[in-house]
Amino acid sequence: MDDENDVDGETLYCICRSADSERFMIGCDHCEEWYHGDCIGITTDDAKLIKRYYCDACIARNKNLQIQYKTKKKDRRTSESSEYEKFDKNQKDYRNKLREKMASKNKKASRKCGDCSACSRNEDCGRCDYCKDMKKFGGSNKLKQTCRMRQCTSYSNKSRSRGHAEVDDALETDDEVPRQCYGPSCVEPARIGSKYCSDECGMKLAKSRIYEILPSRIQQWQSSPCVGEENNKKVLESLREETIEARTRLKQLDVKIQELDLLVERGKQLTIVAEQEGTDQEEDTELSIYCVTCGTELNHKGALRHMEKCYLKFEAQTSFWSLYKTHIEGNSMFCDFYNPQQKMYCKRLKILCPEHTKEPKVSPDAVCGCPIATNLFAEGETLCRIAKRKCVKHFCWEKLRRAEIDMQRLRQWMKLDDLFEQERNIRMAMSNRMGVLGLMLHQTVDHDPLRVMKTIVS
DNA sequence: GCCAACGTTGGC
DNA sequence: GCCAACGTTGGC
């Protein structure tokens, strides 16, 4: 503190922090600081009436302090009373003027009442989050806020939306008179602005509080039912069921893929039968078909082929990129092509991605192999044996089926993701509820006298 | 120009 | 509504 009060060997006084000791000064009988009479609105005549003077800062910190007069206040009805009243009035006027002056001079000062303990602190505590953010305490200066201990308490109780963090190590009264450290069996004086002499003592007391309170809280927690906990458990159970369902569905879809693979393999064994071609050509020759993507009128023979190409053309114009590669157990359905310039991964379905998946070349001997429908909803064992290149009925059937399965797989994975997120939130709520902090901070008081009986009986 | 910190903004 | 982040501003 000496360096703050000392500049170039000179002692600094008063609220003006000047070294001037030539003019009239009065000393505070509490902090022993000296104040210029004209700086604090006290004349030499006023001083004659005062027995013990306490400065504004000390009075603000300790409400028990009051300026003591040579004649007691109750005797003020005497001839001298007018003098005291005059002095009191002067002081009030002076303070009001000072406040107005400060307010007009500095808009930022409007957040300080000037009277509370926080306003009279002249050093940052160095321990709160705002102090730790400050450059002088090695912070990054992101928060740029006033030390918690210096934030005006009057202002914070009305208009500040930001909560004043209750720090256990903070003062209740902020009385800067050193007192005994609150640490268990510690006899050292507490640090100024703290209940403790050191961080260790604060931690020691916190620890012993936990040892003292926690066991009974755990017992209480275990003996009384908690509706929130029960509800959470129920939701967790239903989430678990839904997860199992989604996983079963995924397995079924995997089986579907295997079945499709087998079907394709079976088709490969077949040879082309040309006769079927003739019968098909006669059907529906007069029907008009329009492309679902571009709207052009199409010949039914080339309709599917056109629509597929047209779709791919339009699909290629839109990109679906993500910064992250997909991590899925088993085969991923995403393209996940990595673009090194953008540093991103393609998120189209792999089977449908026109940009990064090349269509396999169809050999002239390849058979279509699509199962032929026996009626609208069922398909028989018979496979289409027209040449793959020529079959207009089942164009790209295999690709579309794979895409359909992949879409269903994707839907299930998204559902699993959603279920996982919900479970995580519930588990977090549950662990918060019965975590050390939760148990220490909250407890349930049961006001129903019958409930106690029930617990005892059961 | 530097610094403290107020007041606003945007994300959650 | 809360809060981290930050642009801005006033004082020095």
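The chains referred to below are lettered A, B, ... by the order of the sequence lines, with proteins before strands, and numbering in each begins at 1.
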Next item on the list: Compare the minimum distances between each of C:dC6, C:dA4, B:dA5 and the side chain of A:L143, then state the nucleotide with the smallest one.
Entry: C:dA4
Check the distance between [N]'s [atom2] and [X]'s [atom1] and give it to me in whole angstrom.
| X | N | atom1 | atom2 | answer |
| --- | --- | --- | --- | --- |
| A:K132 | C:dA5 | NZ | P | 16 Å |
| A:Q145 | C:dC2 | CD | C1' | 14 Å |
| A:K142 | B:dA4 | NZ | P | 18 Å |
| A:K144 | B:dT8 | NZ | P | 15 Å |
| A:N141 | B:dC6 | CG | P | 13 Å |
| A:D124 | B:dC3 | CG | P | 15 Å |
| A:M134 | B:dA4 | CE | P | 8 Å |
| A:K136 | B:dA4 | NZ | C1' | 9 Å |

Next item on the list: Using only side-chain N and O atoms of A:T146, determine if any of them is under 4.0 Å from OP1 or OP2 of B:dC6.
Entry: yes
Next item on the list: Among A:W321, A:F334, A:F320, find the residue that satisfies the ring pair (Phe, Tyr, Trp, His ring centres under 6.0 Å) test when tested with A:H356.
Entry: A:W321
Check: So do A:L352 and A:R348 actually touch side chain to side chain, heavy atoms under 4.5 Å?
Finding: no
Margin query: If you define the side chain from C-beta out and look only at heavy atoms, does anything of A:E230 sit under 4.5 Å from A:K233?
Written below: yes
Notebook entry, point to check: Under 6.0 Å from the six-membered ring centre of A:Y130 and within 45° of its axis: does the NZ or CZ of A:R148 meet both?
Noted result: yes
Next item on the list: Look at atom NZ of A:K256 and say whether more than 12 heavy atoms of other residues, nucleotides or ligands are closer to it than 6.0 Å.
Entry: no
Checklist line | Full working for salt bridge (Lys or Arg N to Asp or Glu O under 4.0 Å) between A:K347 and A:D336 | finding: CA-CA 6 Å; A:K347 290 297 164 197; A:D336 272 330; 2.5 Å; yes
Notebook entry, point to check: the helix from B:dG1-C:dC12 to B:dC12-C:dG1: angle between its terminal axes, five pairs each, to 10°?
Noted result: 20°
